[in-house]
J.: 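Questions regarding the structure given below will be posed in turn.
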Amino acid sequence: MRIDLRMSGLGGQGLVTAANLLGMAAVNDGHCSVVVPFFGAEKRLAPTESYVRISDEKIHERGEVGYPNAIVVFHPDVILQDKCFTMPFYSGFRRGGWLIVNADRPLLSERDAGALADLEARVLYVPASRIAREVAGTELATNMAILGAVVGATGAVTLESLEQAMAQRFGGAKFVASGTTAVLDDVLRRKYAKVKDLVDKNMESIRVALAFVQNGKG
Amino acid sequence: MAERTAVSPEHLLFEAPREKHYLIGNEALAEAVKRAGVDVVVVYPITPQSEVSHLCGDLWAGGFIGDYYRGEDELHVMVSAMGAAAGGTRVFTATSGPGTLRGMEAIACWSGYRLPLVCAFMGRGVGTPANIQPDSVELAYLLETGMLIFHAEHAQDLFDMTLQAYAIAEQPEVHVPVAVFVDGFFVTHSRETVELPPDHLVLHPYDPAVAPVPAMDMEAVPVRMARDCLVIKSNFISYDANASWQQEVWAAHQRARKHIDRLMGGLVEAVHPRAEILLVASGSAAAQARAAMEAARAEGLDVGLLKLRSIRPFPEAEIAALTEGAKAILIPEYNLNGWLAREVLSRIDRHSRVFAGPRVFAGMTMAPELILDEIRRLAPARP
């Protein structure tokens, strides 16, 4: 098994976090994974990318994924305003790959749609930001909904490992190990509730997006 | 802070059990600093090194580092590191790109004072146009500073080489500073699996009593730091003293070789060294070359890799011997100027065998496919 993902979006959308979670989940599944973030000195709204390589064998190369078999677009501006490091955004796309776009409706130009059809790309539109707002109550969970779509489309990692990665990332291993809240003092109890709420809402966003893809609505 | 157990470098590097962790390169480096038992860390944050500055602060807050502070700029940092090391303590610092150049006046003095401090240089572009992205041209500026230079391919190398650096630098017969060079972002910010020994293990403390230059204190005042007089007064004796002192630094590099062999497994990692086509690379370029080599071999092409772990001392005898039978030699690099190709070319013959490239710079990624294209071009025609 080998999958190379290129995530393109804007600074502040959580691409780096999403990539790290995906990589952690892959490692939890027993795979090898190397995650590489890519951004400039500017921060919010500037083009940002993250790359995730997952394989059953040791991965040597690093840096940008030039030849992805999954492209994940976090924001329509990546396509509509060329806000990405690769032009056009699907350059290097391998035949038969997954293109997952955070959008309510199709937004490819006729030319891009034709080029992607020639590559036999499987295109999914997932309203990840809307799902994040409606399910988690914040657009900040857009990256989580997108992760759900990635899992639903590619099966690159299991949902269980992704949930485990979520706890590792937001709660730390000790948080998971000390799940018996009865022994925690009030401060820890509040922290636990806050982190648990965050993880729960994120996971719910992931599940809704995953179901959206699995039900063929993408 | 939990109780810590002082152990030998051999135990820490080879015998202690290791656990897998999923870390970015900067975190792996901080884990090495933690186990190195560092007395003093002085740093100034600069991308892509900033996270290490921060993490070292956390280590100090946790009681793992004796003293820690942020200098006002890199020159201040490098001078402070020099003072702390001259005082007989184990010192760590780190910087990147423009920070390296800003601190260079002090950095170039470290070896002259025979200080065994370790600095992580987390390579990025230098000069203008401004660039925070990875570029190994920074290493070219360090080549003649008298430091030992190790080039990490990945986060595991970065962890291991940092500990190896202290163990080698502090040998009384070596006692020169070590640059652990690593490509920014490609390693510093990339997350991958790293195997770490337990964090209650720490290297035995540094013993300045066995240093070739006495530690600076009230009995050995600063004027004695360089052992001999400076070339201020023009006479033959002072010239001669200074010249021999400079030669002694480079002689120390040669004496470091046996310790590099013992603790790092040699200056060069050779994979399929008898192949017709050899890739010669270091750092992230070695990682890309390794991937290209595997793809080429899957196509039936006879390709091998010489990964240079050590740039100073430069493995000239090893490269000359290992490339003797190669029909073609490729030297992929992450910089425009090709410092590694120049180093290799000056040590081997039959230069028409050498393709000094490909080169990618200013932060772009050298896809293994780019190296693979060159391998295919240079491969002998097959029936």
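Here is how names work: the chains are called A, B, and so on, in the same order as the sequence lines, proteins then strands, and each is numbered from 1. What you are looking at is a predicted structure, and each value in this text was computed from that prediction instead of being measured.
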J.: I'd like to check the side chain to side chain donor-acceptor pair (under 3.5 Å) partners of B/Thr100; sequence neighbours left out, ordered by chain and number.
T.: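 Expected list: B/Glu138.
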J.: Against chain B, label A/Val36 side chain, backbone, both or neither, depending on which of its atoms sit under 4.5 Å from a heavy atom there.
T.: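 Both backbone and side chain.
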J.: Using a cut-off of under 4.5 Å on heavy-atom pairs, state which of B/Ala286, B/Ala130, B/Ala291 scores highest against chain A.
T.: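 The candidate making the most pairs under 4.5 Å is B/Ala291.
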J.: For B/Ala16, what residues pass the side chain to side chain contact (heavy atoms under 4.5 Å, CB included) criterion, not counting sequence neighbours?
T.: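 Result, side chain to side chain contact (heavy atoms under 4.5 Å, CB included) vs B/Ala16: B/His11, B/Pro197, B/Pro198, B/Leu201.
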J.: Just list the donor-acceptor pairs under 3.5 angstrom between chain B and chain A, please.
T.:
| from | atom 1 | to | atom 2 | distance (Å) |
| --- | --- | --- | --- | --- |
| B/Tyr22 | OH | A/Ser33 | O | 3.4 |
| B/Tyr22 | OH | A/Ser33 | OG | 3.2 |
| B/Gln133 | NE2 | A/Phe39 | O | 2.8 |
| B/Phe186 | O | A/Arg62 | NH1 | 2.9 |
| B/Arg191 | N | A/Val35 | O | 2.7 |
| B/Arg191 | O | A/Val35 | N | 2.9 |
| B/Arg191 | NE | A/Asn20 | OD1 | 2.8 |
| B/Glu192 | OE1 | A/Arg62 | NH2 | 3.0 |
| B/Glu192 | OE2 | A/Arg62 | NH1 | 3.1 |
| B/Glu192 | OE2 | A/Arg62 | NH2 | 3.4 |
| B/Gln288 | OE1 | A/Arg62 | N | 2.8 |
| B/Gln288 | NE2 | A/Arg62 | O | 3.2 |
| B/Glu294 | OE2 | A/His60 | NE2 | 2.9 |
| B/Thr365 | OG1 | A/Glu64 | N | 2.7 |
| B/Thr365 | OG1 | A/Glu64 | OE2 | 3.4 |

J.: Is chain B contacted by the side chain of A/Phe85, its backbone, both, or neither, given a heavy-atom distance below 4.5 Å?
T.: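 A/Phe85 has no heavy atom closer than 4.5 Å to chain B.
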J.: Tell me if the CH2 atom of B/Trp339 is crowded by more than 12 foreign heavy atoms within 6.0 Å.
T.: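 Buried by this count: over 12 neighbours within 6.0 Å.
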J.: Holding to side chain to side chain contact (heavy atoms under 4.5 Å, CB included), I want the full list of residues that pass it with A/Val151, two or more places apart in sequence or in another chain.
T.: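 Side chain to side chain contact (heavy atoms under 4.5 Å, CB included) list for A/Val151, sorted by chain: A/Val157, A/Leu162, A/Leu210.
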